[in-house]
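In what follows, a single structure is set out as structure tokens and then discussed.
Below, chains carry the letters A, B, ... as their sequence lines are ordered, and counting in each starts from 1.
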There are 2 protein chains.
Amino acid sequence: MADSFTLGTVEVSLSPQERFEEFLQSRGKRITQQRRVLVEHIFRRHEHFDADELTDELGRRDISPRVSRPTVYRTLSELVDAGLLRKFEIGGRSVYEHDYGYPQHDHMHCQTCNKLYEFSNDELAQLRDRVAREYGFRVTGHRFIITGICQKCRAAQQQRRKRPVDLV
Amino acid sequence: MADSFTLGTVEVSLSPQERFEEFLQSRGKRITQQRRVLVEHIFRRHEHFDADELTDELGRRDISPRVSRPTVYRTLSELVDAGLLRKFEIGGRSVYEHDYGYPQHDHMHCQTCNKLYEFSNDELAQLRDRVAREYGFRVTGHRFIITGICQKCRAAQQQRRKRPVDLV
DNA sequence: ATTTATGCAAATCCTTTGCAAATCT
DNA sequence: AGATTTGCAAAGGATTTGCATAAAT
């Protein structure tokens, strides 16, 4: 995330793949087929996802290497450590999103369709730091999720309300 | 305690116990010994807790009635529905706190000692509503958790850093 | 040649559920 | 009496772990 704000450093020019390899080497860990495939797959598109989706997509396919569930979990955890992914819990399960090279943002969670929407607001971090300072708390991050019903679902509810009978 | 924030309504005069009984009756549910014990126990002190703690404290004691784990879970869920408790997930497990008659607030989570600290800030809700309006999102609530290291743990770290050798 | 990583199966942890017995109204 | 609740044991779902084999340095 912050790398896009620290222009001029080495990090900004590295792809997620390269950044992860750097991280692995710095820890004496190995660059394996499955770690490569996972990073490639995860950073192919910017979306929220969970361990189960990855296992479905990479765990039972013809192309090798296949990636097993334990490896998915182990690698996700490394990617979080490496600062490439951010993890958070929604409804008892872990959801991940890109962190590396992606600007700071927060979320709105629609309790009807279960979608996560992103937004960013500069004031929030300021407010956060102000509060923390007041308590002598050293901030490493925050999680702000607005829960409610998104525009789309609200519109759908309106529709339903207007009809005399629900035909479904 | 916090009842003083909704002056003038009927609710303010009801204790959590009474409020829960009202809720149960409105749904044709029964006022049982274990539900009574749970509410009494939970609202005895204002703290964060989880299902496991309750089971430990009420599940294996001499005083009857004892409360089983399933009943703890079932009742917690009713208390959330009744608006007496608020539930949220931290580190994969559900944590509960008083909601009824307690003023809106947010949290700081210390990743060292794992404690939750409360704070409240008026600007936050305003910021939230402003953002939501912008997206046509209907707000039902939010979750704001600042993560980091609390003053106490920071002090402890300082101590350790100063010593020539860690004797533990 | 070593050492780390993987995949399998099984274990864990938290939470939920089916069902007979106990408890409310 | 009649319906809801309870507790038990067992099931569930997500995540983690032990260990033998495979892969990377």
How about His98(B) and Phe43(B): are their ring centres within less than 6.0 Å of each other? yes
Protein-nucleotide distance (Leu24(B), atom CG; dA3(D), atom C1'), rounded to Å: 15 Å
Hey, which of these two, Tyr73(B) or Pro65(A), hits DNA chain C nearer its 5' end, going by closest nucleotide? Pro65(A)
Short side-chain N/O contact to dC14(C) OP1/OP2 from Ser94(B), under 4.0 Å: no
Nearest whole angstrom, please: distance from the P of dT15(D) to the CD of Glu78(A). 16 Å
Under the side chain to side chain donor-acceptor pair (under 3.5 Å) test, residues paired with Asp56(A) that sit two or more places apart: Arg60(A)
Just list the side-chain donor-acceptor pairs under 3.5 Å for residues 83-91 of chain B, sequence neighbours left out, or say none.
residue: Arg86(B); atom: NH1; partner: Glu97(B); partner atom: OE2; Å: 2.7
residue: Arg86(B); atom: NH2; partner: Asp99(B); partner atom: OD1; Å: 2.9
residue: Glu89(B); atom: OE1; partner: Gly92(A); partner atom: N; Å: 3.2

Tell me the interatomic distance from Gln25(A), atom CD, to dT25(D), atom C1', rounded to whole angstroms. 11 Å
Rounding to a whole Å, what distance do you find between Leu76(B):CG and dC14(C):P? 15 Å
Can you check whether Arg69(B) has a side-chain N or O nearer than 4.0 Å to OP1 or OP2 of dG7(D)? no
Between C1' on dC14(C) and CD on Glu53(B), what's the gap in Å once rounded to a whole number? 14 Å
Partner residues of Gln33(A) under the side chain to side chain donor-acceptor pair (under 3.5 Å) criterion, sequence neighbours left out: none
Send over the distance from Glu89(A) CD to dC13(C) P, rounded to a whole Å. 17 Å
Determine, for nucleotides 19-25 of chain C in 5'-to-3' order, which nucleotides have protein heavy atoms under 4.0 Å from the base (write B), from only the sugar-phosphate (write S), or from neither (write -). ----BBS
Leu79(B) versus Thr75(B): any side-chain heavy-atom pair under 4.5 Å? yes
Rounded to whole Å, the CG-C1' distance (Asp52(B) to dT12(C)) equals 13 Å
Which word best sums up how the rings of His48(A) and His46(A) line up, parallel for under 30°, tilted for 30 to 60°, or perpendicular for over 60°? tilted
Closest to the 5' end of DNA chain C, once Gly28(A) and Pro70(B) are matched to their nearest nucleotides, is Gly28(A)
How many Å lie between CG on Leu38(B) and P on dT5(D), as a whole number? 14 Å
Five-pair end axes of the helix from dA1(C)-dT25(D) to dT25(C)-dA1(D), angle between them (10°): 30°
Not counting sequence neighbours, which residues clear side chain to side chain contact (heavy atoms under 4.5 Å, CB included) with Pro70(A)? List them please. Ser68(A), Arg74(A)
Residue pair Cys150(B) / Cys113(B), side-chain heavy-atom distance below 4.5 Å: yes
What nucleotide, of dT15(C), dG7(C), dT6(D), holds the atom closest to the side chain of Ala51(B)? dT15(C)
How are the rings of Phe49(A) and Tyr96(A) set to each other: parallel, tilted or perpendicular (split at 30° and 60°)? parallel
